[in-house]
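Step one of this worksheet: look at the structure below.
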Amino acid sequence: MYPHKDIEKKWQEFWKNNQTFRTDDSDNKEKRYILDMFPYPSADGLHVGHPEGYTATDIYSRYLRMKGYNVLHPMGWDAFGLPAENFAIKKGIHPQETTQASIANFRRQIQSLGFSYDWDREIDTSSPEYYKWTQWLFLELYKKGLAYKAKAPVNWCEHCQTVLANEQVINGTCERCKNPVIQKLLEQWFFKVTEYADELISGLDNLDWPESIKTTQRNWIGKSDGATITFSIKNTSVEIPVFTTRPDTLFGVSALMLAPEHPALTEFNIKNRDEVNAYIETSKHKTNLERTFLSKEKTGVCLDDIKAINPANSQEIPVFVADYVLGSYGTGAVMSVPAHDQRDWEFAKKYNLPIVDVVMPTVTDQTNPPREDKQIKIRNVVHAIVYDPRNKKYLTLRGKPFNWNTVVIGGIEEGETALEAALRELKEETGYIDVKYIKTLGGPIQAHFFAKHKDENRIANTTGIYFELASDERVPVSEEEQAKNDVLWTDEKDFTTKEMVNSELPFWLERMHSTNDAYSGEGILINSEEFDGTTTKEASSAITQKVNGKITSTYRLRDWLVSRQRYWGAPIPIIYCETCGTVPVPEIDLPVLLPTDVDFRPTGESPLVRSKTFHDVKCPQCDSPARRESDTMDTFVCSSWYYLRYVSPHNNDSAFDQSEAKSWLPVDICVGGAEHAVLHLMYARFITKALKDMGYVQFDEPFIKLRNQGMILGEDGEKMSKSRGNVINPDIIINEYGADTFRLYEMFMGPLGDAKPWNTQSIAGSQRFLDKVWSLYQTALESNIPEKETNSESLKNIHKAIKKITADIETMSFNTAISTMMICVNALQKEQTAGHTLGRDTLESFTKLLSPFAPHIAEELWEILGNKEGISFTPWPAFDETLIRDEMITIAVQINGKTRTQLSVSHDLSEEEIQTLAFGDTNVKKWIEGRETQKVIYIPARLLNIVTK
RNA sequence: GCCGCGGUGGCGGAACUGGUAUACGCACAGGACUUAAAAUCCUGGGCUCGUAAGAGAUUGAGGGUUCGAUUCCCUCCCGCGGCACCA
């Protein structure tokens, strides 16, 4: 076994002493910026998941250096934040101290893995040198109007004693402590992310990011396209704008619904004011969770004597206050269309509002489509679906002339309702008279088909009615009807799958079993005056235009709440003066230092209020007594710009050197966890876009390419957690197996982005591989190593490996790159065992291939081969395609697509020669004997497929 | 409910543009070395039948296109992630 401990210690010291990985900005080689999402240094130390991403970027960085690029590959610490503060409170130690201890431990662990970071560029977001510029960023946003203070309902976590951004609330609970979040009306600082909503969506299209992250961001921003339509209130000057995605359903509006927070509610002279106020008061005390997830039934109160006017048809409609309408979304007011929105339907049923169908779904019969040369006849029709619960069968008819299966169909006569028509037809066609009405299956459906029995095209506006058979009581059926149809009872299975002629049937089945009563799909308009007959799409814009509505979009995204009532963060650089108001701290006074002498325990009020020296200041403008903003910033503000700081981490004059930023950024590839999809990754994009608009940078996306490392699960396949006891400590693994084995194993586990379970037993495989490499070199060195490789097998294998590994590193397919190295070593070892002494060129090439993955052992082997300089900047090996080609190739011979034999032939054989060989083969003869060969397909160098009759 | 990703041996996984499915590794079995074990090296099967040669099945299920499908199309099932009273 190779001595990993000595080797790893030796080379880590070598890299450090030689400053091997210090990045020189002035080096004019082509630049590449390879970035890790920097860690939050927790007291628990490194998790095995951290090195997965770090190893990936390290392999890529080392590879690029050997390819001749100038590589920026830095590391730092996202050091402010709540967990550090909570840990410090628990231990009774200042967070400054605990954080520095955690950083030291993280640094030690990361360095023990031999990553090629430029440690001169290490950053710490909790240091004044860094957060001075976080404060500068805040002030820049403030100047641009992108940072503002507003009183608004905000998320408050009682347990953490602070407000939270929307992005930090998961299903109504706090991201950190999982306790429910409540709404509070507070004055807080926000960043105007919503201003960039459209850019944040459209920018995604050009990014090489995992599709899942892009989708998550799109969902989070939640753009809805629709229209804003204004409803006026009768006998008042009040106008209520309403946002809807379905302006086409305007003629189906039954009521106007207002959120309890709607400001117009105070302007009305309502008869039942007390009742309305009581309702508003009740809903105010509900949490968002109660109003959404937990609510079982829609509630609301009608505003007596108040009528809204439907702008489409001037109809007077009632106005309700209802808490299923959210004040924070759209305009806080909704037009209620019960027939086509499930929530409105439920509300309408409860409060007895009219349900008017205005959209009719259409269906074209695929087996009997309309014929162009035939007349069209329009009919109103009813379908009676009759179910016999005792025998679990459906009533159907078999039409004699065409032998088709159908439900009971009837035309609706003048002056007759659909229900009357259904009962009449049932009696006439089947004789059944004792049926129980269950429900009408939604509004009508329009079916287009060719009616064979009448030789005409039909447009049938069909209403479906669902009955249950109450008894077998029947009246006689006329002979005329008997001649037309047989009455059959059909099994449920046949009824739903057999070929019934009724193309409406899928709609009926869906409505019979679904809890969705409203039809929210597309179709053509009915009950909509001049728009009748137009499609929903056409009607959307036409109706919007008619009522002077505006095409608008609404977003789910809210502005980013950045204030925190906690201690361990960057102070917000604002001063409040009685005369001047809100005054930004002048840049020259930055940083606003976080005082170290405060009791930082959380009380719900910012701890900084308790520091008199911090809190009581003089106004920078008029010198009169003033107070400092006592909230700190969300830590995600610190991490939203860290990639910029790395280009000039020691610059005291600016956040980042603009010309350095221009030459290094945007980041070529960023690797990190998927959990930051709508947090860090969206905030960083926003900040970059804002900085671009301010002229500080020339690009509007920070990370061109993004890859997520998948989660490493415990050996039990579950997420690693202390409570489950399945956590793997990297220190122990590194100590036992060495950093190179650890790196190699994590990369060999599977594709970088996949979640995969840890398996300590499997590490042995990676270790065995390195031992095998070690002994390969030891054996080679026992002989006199020739400078040039002469063995064709060795040449072929090493050149194949160079080709494949190079391609795999480019696509970050490290698992297959490692398997290629294993194949190569196995092959080289075989040659060696057979008595061949490997050439220096072969050994050096392999060492280089190995070096990004297992850099310590590679450096040692490189030195053993007699090289004086380190391996890190030696040129990456090239491959020779002519050496890779196999002299003998294997051709699979298939008969009708099944492989029956294999032919080993020289690579330059022609198709004819191969065919001759194949047809001469005894195995092949056996299979094609007595059969006529239809055709022969030849795929060069792969297979020959003989197709027989 | 909507959107996205995925489902391949006992396990992690591989397979280019539709061309010999299961590379590589783990585990397992047999053998060599050893007094013995560990380590190492060699060999092997992978599901069913068969002593074997071999045959058949097989990439979540079912169907389709094709000479040929893990790969393309349709329907469905399961798992993971996101959004969700969002008008």
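Chain letters run A, B, ... following the sequence lines, proteins first, then strands; residues in each count from 1.
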Glu522(A) bridged to Lys537(A) by N-O distance under 4.0 Å:
no
Measure the distance from CD on Gln217(A) to C1' on rG81(B) and round it to the nearest whole Å.
15 Å
Taking OP1 and OP2 of rC83(B), is either one under 4.0 Å from a side-chain nitrogen or oxygen of Thr215(A)?
no
For the side chain of Val334(A), starting at C-beta, report the closest nucleotide among rC85(B), rA87(B), rC67(B).
rA87(B)
Are the charged groups of Arg343(A) and Glu346(A) less than 4.0 angstrom apart, N to O?
no
Categorize Val678(A) for me: base, sugar-phosphate, or nothing, with a 4.0 angstrom heavy-atom threshold over every strand shown.
nothing
Treating primed atoms plus P, OP1 and OP2 as sugar-phosphate and everything else as base, which nucleotides of nucleotides 53-60 of chain B get B, S or - for protein heavy atoms under 4.0 Å?
--SSS---
Are there over 12 heavy-atom neighbours, none belonging to Lys350(A), within less than 6.0 Å of that residue's NZ?
yes
In whole Å, measure the gap between the C1' atoms of rG13(B) and rU59(B) for me.
13 Å
Complementary nucleotide for rU65(B) - Watson-Crick or wobble, under 3.5 Å:
none
Strictly below 4.0 Å, N to O, side chains only: are Glu52(A) and Arg743(A) in salt-bridge contact?
no
Run the numbers on Val358(A) and His340(A) for side chain to side chain contact (heavy atoms under 4.5 Å, CB included), then give the verdict.
CA-CA 8 Å; Val358(A) 291; His340(A) 303 292; 3.5 Å; yes
Nearest nucleotide by nearest heavy atom, which residue falls closer to the 5' end of RNA chain B, Asn896(A) or Pro757(A)?
Pro757(A)
To the nearest angstrom, how far is Ile891(A) atom CD1 from rU20(B) atom P?
11 Å
What parts of residues 939-948 of chain A reach RNA chain B, counting only heavy atoms under 4.0 Å away?
Ile939(A), Arg942(A), Leu943(A), Asn945(A), Val947(A)
Considering heavy-atom distances to RNA chain B, does Phe243(A) or Trp220(A) have its closest nucleotide positioned more toward the 5' end?
Trp220(A)
Exactly one of Val319(A), Val253(A), Val547(A) clears side chain to side chain contact (heavy atoms under 4.5 Å, CB included) with Phe231(A), and that residue is Val253(A)
Give me the distance, rounded to whole Å, that separates rG64(B) from rC47(B) when you measure between the C1' atoms they each carry.
27 Å
For rG60(B), measure the glycosidic angle (O4'-C1'-N9-C4 for a purine, O4'-C1'-N1-C2 for a pyrimidine) and name it syn if it falls within 90° of 0, otherwise anti.
anti
For a quick check of understanding: with a heavy-atom distance under 4.0 Å over all strands, which category does Gln902(A) fall into, base, sugar-phosphate or nothing?
base
Between Lys756(A) and Asp754(A), does at least one N-O distance fall below 4.0 Å, as a salt bridge requires?
no
Run the salt bridge (Lys or Arg N to Asp or Glu O under 4.0 Å) test on Lys803(A) and Glu881(A) for me, step by step, so that the C-alpha distance in whole Å, both residues' side-chain angles and the decisive distance to 0.1 Å come before the verdict.
CA-CA 9 Å; Lys803(A) 183 180 180 180; Glu881(A) 192 76 53; 3.2 Å; yes
Asp341(A) (side chain) donor-acceptor with Val337(A) (main chain) under 3.5 angstrom
no
Across all strands shown, which nucleotide pairs with rG1(B) by Watson-Crick or G-U wobble geometry, both distances under 3.5 Å?
rC83(B)
Categorize Ala674(A) for me: base, sugar-phosphate, or nothing, with a 4.0 angstrom heavy-atom threshold over every strand shown.
nothing
Rounded to whole angstroms, how far apart are CD on Gln832(A) and P on rC42(B)?
12 Å
Can you tell me how far P of rG13(B) sits from CE of Met747(A), to the nearest Å?
14 Å
Counting side-chain heavy atoms from C-beta on, which of rA87(B), rG19(B), rC83(B) comes nearest to Asn219(A)?
rC83(B)
Pairwise C1' distance, rG7(B) and rG60(B) [rounded to whole Å]
6 Å
G-U wobble or Watson-Crick pairing nucleotide for rC28(B) (cut-off 3.5 Å, both distances)
rG44(B)
Could you check which nucleotide pairs with rC76(B) in any of the strands shown, counting Watson-Crick or G-U wobble with both distances under 3.5 Å?
rG60(B)
When you compare rC16(B) with rA32(B), how far apart are their P atoms, in angstrom units rounded to a whole number?
41 Å
Just name whichever nucleotide pairs with rG18(B), Watson-Crick or G-U, keeping both distances under 3.5 Å, else none.
none
Protein-to-nucleotide contact annotation, 5' to 3' order, nucleotides 23-28 of chain B [B base; S sugar-phosphate only; - none; under 4.0 Å, heavy atom]:
BBSSS-
Whole-Å C1' distance, rU22(B) and rA14(B):
8 Å
Round to the nearest Å and state the distance from His340(A) atom NE2 to rA87(B) atom P.
17 Å
What is the distance, to the nearest angstrom, from the CG atom on Asp341(A) to the P atom on rG1(B)?
17 Å
Between Asp559(A) and Thr194(A), is there a side-chain donor-acceptor contact under 3.5 Å, judged purely by atom types and distance?
yes
Could you go step by step and tell me if Leu850(A) and Val773(A) meet the side chain to side chain contact (heavy atoms under 4.5 Å, CB included) rule?
CA-CA 10 Å; Leu850(A) 180 67; Val773(A) 171; 4.1 Å; yes
Determine the Euclidean distance between corresponding C1' atoms of rU17(B) and rU70(B); express it in Å to zero decimal places.
15 Å
Roughly how far, to the nearest 0.5 Å, is CE of Met720(A) from CG of Asn726(A)?
6.5 Å
Would Asp808(A) and Lys804(A) pass as an ion pair if we require N to O under 4.0 Å?
yes
By the 4.0 Å heavy-atom rule, please label Pro751(A) as base, sugar-phosphate, or nothing.
sugar-phosphate
Are Asp208(A) and Lys214(A) close enough for a salt bridge, meaning some N to O gap below 4.0 Å?
no
Nearest-Å distance, OH (Tyr2(A)) to C1' (rU40(B))?
17 Å
Please determine whether a side-chain nitrogen or oxygen atom of Lys756(A) lies at a distance below 4.0 Å from atom OP1 or OP2 of rG12(B).
no
Expressed as a whole number of Å, how far does the C1' atom of rA55(B) sit from that of rC5(B)?
39 Å
Is it true that Lys223(A) and Asp198(A) make a salt bridge, defined as a side-chain N closer than 4.0 Å to a carboxylate O?
yes
Expressed as a whole number of Å, how far does the P atom of rG54(B) sit from that of rA69(B)?
24 Å
Which listed nucleotide (rG12(B), rC86(B), rC41(B)) is nearest to the side chain of Gln829(A)?
rC41(B)
Nearest-Å distance, CG (Leu557(A)) to P (rG82(B))?
18 Å
